[in-house]
Amino acid sequence: MLAPKKVKYRKWHKGRSRSRKIETRGVSLSFGSFGLKALGSVWLNARQIEAARRATTNFLNRSGKLWIRVFPDKPVTKKGSETGMGHGKGAPDHYVTVIKPGRIIFEVDGVEKSVAKSAFRLASSKLPFKTEFVTREIN
């Protein structure tokens, strides 16, 4: 499971909900020929990334090369069950990455377009937002 070795601060603020904003970083293909682009805004946790990665690599039969373009580095805290109000913020529970529309989540190379499209269709079903299959423009 993906998790950072160390973070600067143990507990972070939640951040503002910016559902209408679109991503400006990581919006174009950098490594592979085909990619999976996010169309929604969500916190993507390490378990969801791993489930999508497993679905993709299983379908590709370990052929081609897969890149994961996101990393969960934001800690999310949770208080114990049946704990009353007060007594401070809870302990870090898991890590997420903030996804905005336009971000490339996965890239793949070394496989045919139809195979990549089918693999990303399976990965998309594991993710909690709508996605789009993108290809590198050949000039």
Side-chain angles (χ1 to χ4, degrees):
M1 198 94 58
L2 295 172
K5 291 183 182 124
K6 184 179 171 185
V7 287
K8 187 170 184 180
Y9 297 106
R10 207 169 134 251
K11 300 174 183 178
W12 289 12
H13 292 290
K14 282 186 180 178
R16 294 280 174 258
S17 172
R18 296 187 172 116
S19 60
R20 289 177 295 196
K21 302 280 184 177
I22 60 168
E23 188 64 81
T24 56
R25 301 172 302 121
V27 295
S28 60
L29 295 175
S30 300
F31 305 103
S33 302
F34 310 107
L36 191 67
K37 180 189 273 194
L39 297 179
S41 177
V42 74
W43 281 359
L44 189 63
N45 67 30
R47 287 176 181 270
Q48 293 164 335
I49 296 170
E50 178 66 12
R53 184 199 65 80
R54 280 186 178 183
T56 306
T57 54
N58 187 28
F59 186 83
L60 295 176
N61 292 326
R62 293 178 181 64
S63 64
K65 171 84 173 137
L66 178 73
W67 288 271
I68 304 172
R69 294 283 308 275
V70 293
F71 186 80
D73 61 347
K74 177 183 179 125
V76 176
T77 61
K78 188 173 183 183
K79 294 181 78 162
S81 61
E82 298 184 13
T83 303
M85 299 293 279
H87 303 289
K89 189 173 174 125
D93 184 48
H94 61 279
Y95 291 90
V96 299
T97 182
V98 179
I99 302 292
K100 294 186 215 167
R103 168 71 83 157
I104 301 291
I105 310 296
F106 296 105
E107 290 187 33
V108 72
D109 200 7
V111 294
E112 294 182 14
K113 183 177 181 178
S114 60
V115 174
K117 196 166 191 172
S118 299
F120 283 150
R121 183 183 50 79
L122 289 174
S124 177
S125 66
K126 304 292 183 185
L127 299 173
F129 49 85
K130 290 186 179 177
T131 59
E132 180 181 36
F133 180 75
V134 292
T135 59
R136 186 181 296 275
E137 285 82 19
I138 300 169
N139 298 6

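The basis for the numbers below is simple: all heavy atoms, side chains too, and nothing from hydrogens, waters or symmetry mates.
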Sequence neighbours excluded, the answer for side-chain contact (heavy atoms from CB on, under 4.5 Å) partners of Lys117 is Phe133
Lys130: partners by side-chain contact (heavy atoms from CB on, under 4.5 Å), with sequence neighbours left out: Leu39
Can you give me every donor-acceptor pair (side chain of residues 65-72, partner residue at least two apart or in another chain, under 3.5 Å) with its distance?
| unit_1 | atom_1 | unit_2 | atom_2 | d |
| --- | --- | --- | --- | --- |
| Arg69 | NH1 | Ser28 | O | 3.3 |
| Arg69 | NH1 | Glu107 | OE2 | 2.2 |

same_hphob_cluster(Phe120, Ile104) at 4.5 Å side-chain heavy-atom cutoff: no
Please output the side-chain donor-acceptor pairs of residues 78-86 that fall under 3.5 Å, not counting sequence neighbours, one pair per line with the distance.
| unit_1 | atom_1 | unit_2 | atom_2 | d |
| --- | --- | --- | --- | --- |
| Lys79 | NZ | Gly86 | O | 2.3 |
| Lys79 | NZ | Gly88 | O | 3.2 |
| Thr83 | OG1 | Gly80 | O | 2.8 |

I'd like to know if Val42 and Leu2 are part of one continuous hydrophobic network [Ile/Leu/Val/Met/Phe/Trp/Tyr, side-chain heavy atoms within less than 4.5 Å]. yes
Distance-only, no hydrogens or angles: does the Lys89 side chain make a donor-acceptor pair with backbone N or O of Trp12 under 3.5 Å? yes
Residues which pass side-chain contact (heavy atoms from CB on, under 4.5 Å) with Ala52, listed by chain and number, not counting sequence neighbours: Phe106, Ala123, Lys126, Leu127
Would you say Asn45's side chain and Arg47's backbone share a donor-acceptor pair under 3.5 angstrom? yes
Take atom CD of Glu112 as the centre, draw a 6.0 Å sphere, and report whether it contains more than 12 heavy atoms from other residues, nucleotides or ligands. no
Leu44 reachable from Leu122 in the ILVMFWY side-chain graph, under 4.5 Å edges: yes
Same cluster or not: Phe34 versus Ile105, using hydrophobic residues (I, L, V, M, F, W, Y) connected whenever any side-chain heavy atoms lie under 4.5 Å apart? yes
Can you confirm whether more than 12 heavy atoms, excluding those of Lys8, are under 6.0 Å from its NZ atom? no
Could I get the full list of salt bridge (charged side-chain N to carboxylate O under 4.0 Å, His left out) partners for Arg54, not counting sequence neighbours? Glu50
Flag yes if Leu29 and Val108 sit in one hydrophobic cluster, no otherwise; membership is Ile, Leu, Val, Met, Phe, Trp, Tyr, and two members link when side-chain heavy atoms are under 4.5 Å apart. no
Lys11 atom NZ, neighbour heavy-atom count above 12 within 6.0 Å: yes
